[in-house]
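This report refers to the structure that appears directly beneath it.
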Amino acid sequence: MLIELQYVLLNIQSLLAGKSTRELIALFQNFNSDFASKFPLISSIEKLLNSFESRTRNYQVKINLTIMKKAHIYGLFLLITVGCSTTVPLVKLTPSTLENKDYWQMGQQFVYANNKNIWFDCAFNRVENGKLVFDVKITNQSDSIVLVDPTLFEQIVYKDDSLRLGYNPADDPEEVLTQLKLEENQAVAHAKSASILSICSAIFSAGASVAVAVSDKDTEKKVNTLNKIAAGNEVVQIATAVSAEANSMRAGNNWTRHKNLSEAFLRKTTLAKGYYIDGEVHFPFYKKANWYDLKFTVGDAVAFFYFKQNLIRSKEQIDKER
């Protein structure tokens, strides 16, 4: 049963990621399953587990069944949530070519502008984590050394010509990367804490078991007490294993994202004459927006680009909206 339970818990670790070991244990002990009656599959499985629990006198088995009931509800609720989720519309941004000329490169439509011999090239790439990602290239053909700082790039968001939804600077690459590194370090620390707690619990359980074994209690009381100690240790071992695994995955994901973004971002750079820099610039995404006005400032040079937003929906989404 424990092997089956660990399999269930590890498969829902994304739901528990970021929680401390204490939170996980409290989750298993205090979980309220009132909503289970709303889902026949959950109710039938819980009734089956309840019947097993009522027919056993073994305290350790009771603990395992209690955890299993709570774990299966988490797993099934997650599956129900995923199954009921709707398809996200595809976001397409088309640049205006009335103000700027364009060219195509590997399927991307770039628009470009020249101001004071600073060349600006810009193309929409994708939406990721609630951000609009643009591929931007800055080329210095002036006689001066210029500083390219993406935090000076600006976005103005319009629903129509008269309704402005927002004004935002571009994401600061250094701030984003620092935050990812902090989250990675935090996840690593949580994983280590869970491992240490697991070891401490095992040592305490072993010591308590020895103390009970040499005590003057009668055999039946000793067995019951030993079962309680073993069951409590199993709860801690399972909870700490889930916490350590989830936080290890979270740390790995943050490390990968940090590495990818550190290579992809257009970062603060000093450009001499004849040199260029390219990379990603991130702005907030607005689902209700119709237009984005982008303003890029490098030294005394300024360039403006305009992108129209369209949400491409599937036939299923269109039918649901009717």
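Nothing fancy with the numbering, it's 1 onward along the sequence.
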Quick one: closest heavy-atom pair of [X] and [Y], and the distance?
| X | Y | value |
| --- | --- | --- |
| W291 | S96 | CZ3-CB, 4.3 Å |
| C122 | L294 | SG-CD1, 4.3 Å |
| V157 | A289 | CG1-CB, 3.4 Å |
| Y286 | Q309 | O-NE2, 2.8 Å |
| L132 | P284 | CD1-O, 3.6 Å |
| L177 | H258 | O-CD2, 3.2 Å |

Please answer: with hydrophobic residues joined when any side-chain heavy atoms are less than 4.5 Å apart, are [X] and [Y] in the same cluster?
| X | Y | answer |
| --- | --- | --- |
| V298 | F110 | no |
| F307 | V127 | yes |
| L163 | Y306 | no |
| W119 | V146 | no |
| Y276 | I118 | no |

Quick check: are there more than 12 heavy atoms from other residues, nucleotides or ligands sitting under 6.0 Å from [atom1] of [X]?
| X | atom1 | value |
| --- | --- | --- |
| K131 | NZ | yes |
| W255 | CH2 | no |
| K308 | NZ | yes |
| E263 | CD | yes |
| Y103 | OH | yes |
| D300 | CG | no |

Could you check if a side-chain atom of [X] sits within less than 4.5 angstrom of a side-chain atom of [Y], using non-hydrogen atoms only?
| X | Y | value |
| --- | --- | --- |
| H282 | L261 | yes |
| R257 | N129 | yes |
| E175 | T178 | no |
| V188 | N247 | no |

Give the ring-plane orientation class for F283 versus F296, where under 30° counts as parallel, over 60° as perpendicular and anything between as tilted. parallel
Give the ring-plane orientation class for F134 versus F124, where under 30° counts as parallel, over 60° as perpendicular and anything between as tilted. perpendicular
Q108 and D135: side-chain donor and acceptor closer than 3.5 Å? yes
Can you measure from [atom1] ([X]) to [atom2] ([Y]) and round to the nearest 0.5 angstrom?
| X | Y | atom1 | atom2 | result |
| --- | --- | --- | --- | --- |
| K116 | N114 | NZ | CG | 11.5 Å |
| D121 | D102 | CG | CG | 11.5 Å |
| D171 | F265 | CG | CZ | 6.0 Å |
| F153 | I138 | CZ | CD1 | 4.5 Å |
| I156 | Y292 | CD1 | OH | 13.5 Å |
| F285 | L93 | CZ | CG | 8.5 Å |

Is [X] reaching over with its side chain to a backbone N or O of [Y], donor-acceptor style, under 3.5 angstrom?
| X | Y | value |
| --- | --- | --- |
| T269 | R267 | yes |
| N115 | V302 | yes |
| N100 | V111 | no |

Salt bridge check, K259 against E184: does any charged N sit closer than 4.0 Å to a carboxylate O? no
